Structure formats: structure tokens, C-alpha cells
Amino acid sequence: MKKFHSGFVSLVGRPNVGKSTLMNCLIGEKIAITSHKPQTTRNKITSILTKDDFQCVFLDTPGIHKPKSKLGEYMVRSAETTFNEVDLVLMLIEPTTEVQAMDQYVLDRLKNVKTPVVLVINKIDTVERDTLLEVISVYNKLYDFADVVPISAMRDRNTGELLEVIKKYLPEGPQYFPGDMVTDQPERQIAAEIIREKALYLLQDEVPHGIAVEIMSMKKRPDQDMVDVQATIYCERDSHKGIIIGKQGSMLKRIGSTARYDMQRLLGSPIYLQLWVKVKKDWRDSDFLLKNFGYDKKNI
């Protein structure tokens with residue numbers, strides 16, 4: 001009988017190196033939201049890849065950075081707690097020969113970690129081979145990595161080789177989740193994240209970090225194939241509220257229509273989505289509001 005291997009793998013790195021893109025690529029479905037803006041992921045997001053001989057549970061973590069708010073502290077703590085709880089850590093970097101300050105910051109956090117760490121060099125399609133070899137040399141002098149794998153998550157290059165490397169570090173074990181399950185995130189949480197992703201994509205740079213989304217209600221209509229979703233977008237300033245709503249509600253409609261498309265794919269049913277916008281000043285530094293929005297320290 002073929003042996004079955006299973007384990008947990010944490011994706012870590014500074015903000016905006018492609019952790020969520022890589023996880024979505026490996027799973028083959030969109031689980032985590034992505035954006036060109038840093039600090040998109042705020043919670044640990046679990047996704048599951050199940051094959052005939054192994055099951056890998058990925059933890060996509062918030063980008064590690066020097067926090068400037070209680071939300072930032074929560075995000076970094078959420079990432080760092082995974083280091084010694086998993087079977088393997090994937091540290092993602094971009095292919096630059098000059099080590100970024102935030103990459104060094106992540107390396108410093110990994111110094112006392114006993115878990116094997118694989119260096120994943122993402123976005124290799126943006127550099128020449130000689131540069132890539134130099135990047136590998138530079139980072140191998142800074143940390144004793146278990147393996148180094150260059151990839152392009154966006155273009156799905158070399159991700160198969162990465163999976164083979166991951167499998168080497170998965171111990172023999174049970175299948176933790178059903179084979180057809182791709183995430184343990186509640187539908188409400190995924191729906192809220194989809195709305196936030198669309199806002200991140202459509203809004204101006206100064207607004208996104210100050211928004212949170214709460215699903216107020218998600219109910220299937222008893223008499224037809226339709227799910228009614230009511231959600232509130234919270235922001236920190238009155239001026240931001242105006243930007244989110246837009247002229248005659250135009251921006252809010254765009255956020256709603258683009259979010260509804262992804263939510264329909266998630267739930268497999270038509271969605272009737274209603275959005276509201278409210279101001280909660282300085283919510284990122286309020287323990288009470290952070291807990292309300294799903295960023296509870298007790299869950300770390």
C-alpha cells in the first residue's frame with residue numbers, strides 16, 4: 001500500500017512578494033485575494049491541496065513588516081506564530097541581488113526557527129539567468145536554506161518542481177481534510193475578502209489600508225436560487241467615505257458588480273449584493289473593532 005504524506009506549509013515574506021498568488025496557483029483556485037498593493041493579506045488563510053499520495057495544507061500569512069498600528073501588530077504576529085507550527089516554511093523573495101531591508105527583517109525572524117526553510121525566488125521571468133544565480137549566491141550566504149527553488153507564480157513556471165520539493169518535507173500522516181475541500185475559511189469571510197479585494201483594486205492608494213469589510217447578512221432565498229448578501233465597508237475618514245461611494249454612487253456600484261461576479265463563482269448561485277459605507281475612525285488601533293472585523297488576537 002502506497003504511503004500517504006501530509007503536513008503544513010507556511011508561506012512567509014515581506015509584503016507584496018506574491019505569496020497569495022503562489023498559493024492560488026498551487027491550489028488551482030482563487031482562495032486568497034491578491035493586489036499590487038502591499039499588506040493585502042491580513043489573516044492566516046488556509047488552503048488544501050490533496051493528491052493521491054499526499055495532502056499539503058498551506059498557510060498564506062500576512063506580509064512581515066514593521067507594524068505601525070495594532071492591526072499591523074496583529075498581522076505580523078499572525079505570520080510569525082506559524083514558523084514553528086508547520087512542517088516547512090517557504091520564504092518568498094523577489095530576484096534582486098541587493099537584499100531589501102524587509103527581507104533581512106524576515107530572515108532575522110527566522111534565525112531561531114527549527115523548521116526547514118525553502119527559499120522561493122518568485123518573478124524569475126523578470127531577470128536573466130546570471131542575475132538569478134547571483135541572487136541565490138547572496139541569500140545562501142545569509143541563511144542555511146533547506147532548498148532553493150526559482151519560480152514565477154504569475155506565469156505558473158517551475159511550480160511543479162516546487163511541489164516536488166515540498167513533498168520531500170511532508171511526513172507520513174493522515175488526510176486532515178476531505179479530498180474535495182480547498183479551504184477551511186467560512187463563506188462569509190471569503191465573501192468579505194472578495195469585496196475588499198475589489199476595493200483595493202479600484203480605489204486610490206490612500207484609502208485601501210484604512211478599510212475593512214463586514215458581512216452583515218448572507219441568506220439563501222427560500223423560494224429561489226438566489227443568495228442575498230448585505231455588507232458594510234468601513235473606512236477611517238469622512239473624505240474616504242466619499243471616495244468609496246463615488247459620484248452618484250458610481251464607485252460603490254463598480255466595487256459591488258466586480259465583487260458579485262467572484263462571489264457567484266464561490267457560492268455557485270446568483271448573488272444579490274447590497275453595500276453600505278460607514279466611518280469608524282482609527283479602527284486599526286481599536287482592539288474592540290479589530291476583534292469585530294475578525295482580527296482577534298485569541299485566534300493567533
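What you see is a predicted model; the values in this text were computed from it and never measured. Nothing fancy with the numbering, it's 1 onward along the sequence.
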Heavy-atom distance under 4.5 Å between the side chains of [X] and [Y], does that happen here?
| X | Y | value |
| --- | --- | --- |
| Met23 | Leu11 | yes |
| Asp147 | Tyr169 | yes |
| Ile151 | Val149 | yes |
| Asn122 | Lys19 | no |

Between Tyr176 and Ile48, does a side chain to side chain contact (heavy atoms under 4.5 Å, CB included) hold up when you go through it step by step?
CA-CA 9 Å; Tyr176 294 103; Ile48 304 113; over 6 Å; no
Take Asn24 and Thr21 through the test side-chain hydrogen bond (donor to acceptor under 3.5 Å, both in side chains) and record every step on the way to the result.
CA-CA 5 Å; Asn24 290 341; Thr21 302; 5.8 Å; no
Without placing hydrogens or testing angles, list every side-chain donor-acceptor pair under 3.5 Å for residues 87-98, not counting sequence neighbours.
from	atom 1	to	atom 2	distance (Å)
Asp87	OD2	Phe8	N	2.8
Glu94	OE1	Arg14	NH2	3.3
Glu94	OE2	Lys123	NZ	2.5
Thr96	OG1	Glu98	O	3.4

State, to 0.1 Å, how close Tyr105 and Arg109 come at their nearest heavy-atom pair, and which atoms those are.
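Nearest pair, atom of Tyr105 first, then Arg109: OH-NH2, 2.8 Å.
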Minimal non-hydrogen separation, Arg188 against Ser217, with atom names
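Reported closest heavy-atom pair: NH2-CA, 3.8 Å.
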How about Gln55 and Thr50: does a side-chain donor come under 3.5 Å of a side-chain acceptor?
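Thr50 and Gln55 do have a side-chain donor-acceptor pair below 3.5 Å.
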Who pairs with Gln274 by side chain to side chain donor-acceptor pair (under 3.5 Å), at least two apart in sequence or on another chain?
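Gln274 satisfies side chain to side chain donor-acceptor pair (under 3.5 Å) with Gln230 once adjacent residues are dropped.
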Partner residues of Thr258 under the side chain to side chain donor-acceptor pair (under 3.5 Å) criterion, sequence neighbours left out
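Side chain to side chain donor-acceptor pair (under 3.5 Å) check on Thr258 returns nothing, list empty.
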When you measure from the side chain of [X] to the backbone N and O of [Y], does any donor-acceptor pair fall under 3.5 Å?
| X | Y | answer |
| --- | --- | --- |
| Ser6 | Pro174 | yes |
| Gln264 | Ile271 | yes |
| His240 | Cys235 | no |

Report the C-alpha distance between Leu26 and Phe58 in whole Å, list the side-chain angles of each, state the deciding distance to 0.1 Å, and finish with yes or no for side chain to side chain contact (heavy atoms under 4.5 Å, CB included).
CA-CA 9 Å; Leu26 293 174; Phe58 292 100; 3.6 Å; yes
Does the side chain to side chain contact (heavy atoms under 4.5 Å, CB included) test come out yes or no for Leu133 and Arg129, once each step is laid out?
CA-CA 6 Å; Leu133 292 173; Arg129 178 179 169 80; 4.2 Å; yes
Go through the steps to decide whether Leu49 and Leu163 satisfy the test side chain to side chain contact (heavy atoms under 4.5 Å, CB included), and finish with yes or no.
CA-CA 10 Å; Leu49 176 65; Leu163 266 182; 3.6 Å; yes
Tell me whether [X] is salt-bridged to [Y], with the criterion being a basic N under 4.0 Å from an acidic carboxylate O.
| X | Y | value |
| --- | --- | --- |
| Asp238 | Lys241 | no |
| Asp228 | Arg221 | yes |
| Lys281 | Glu236 | no |

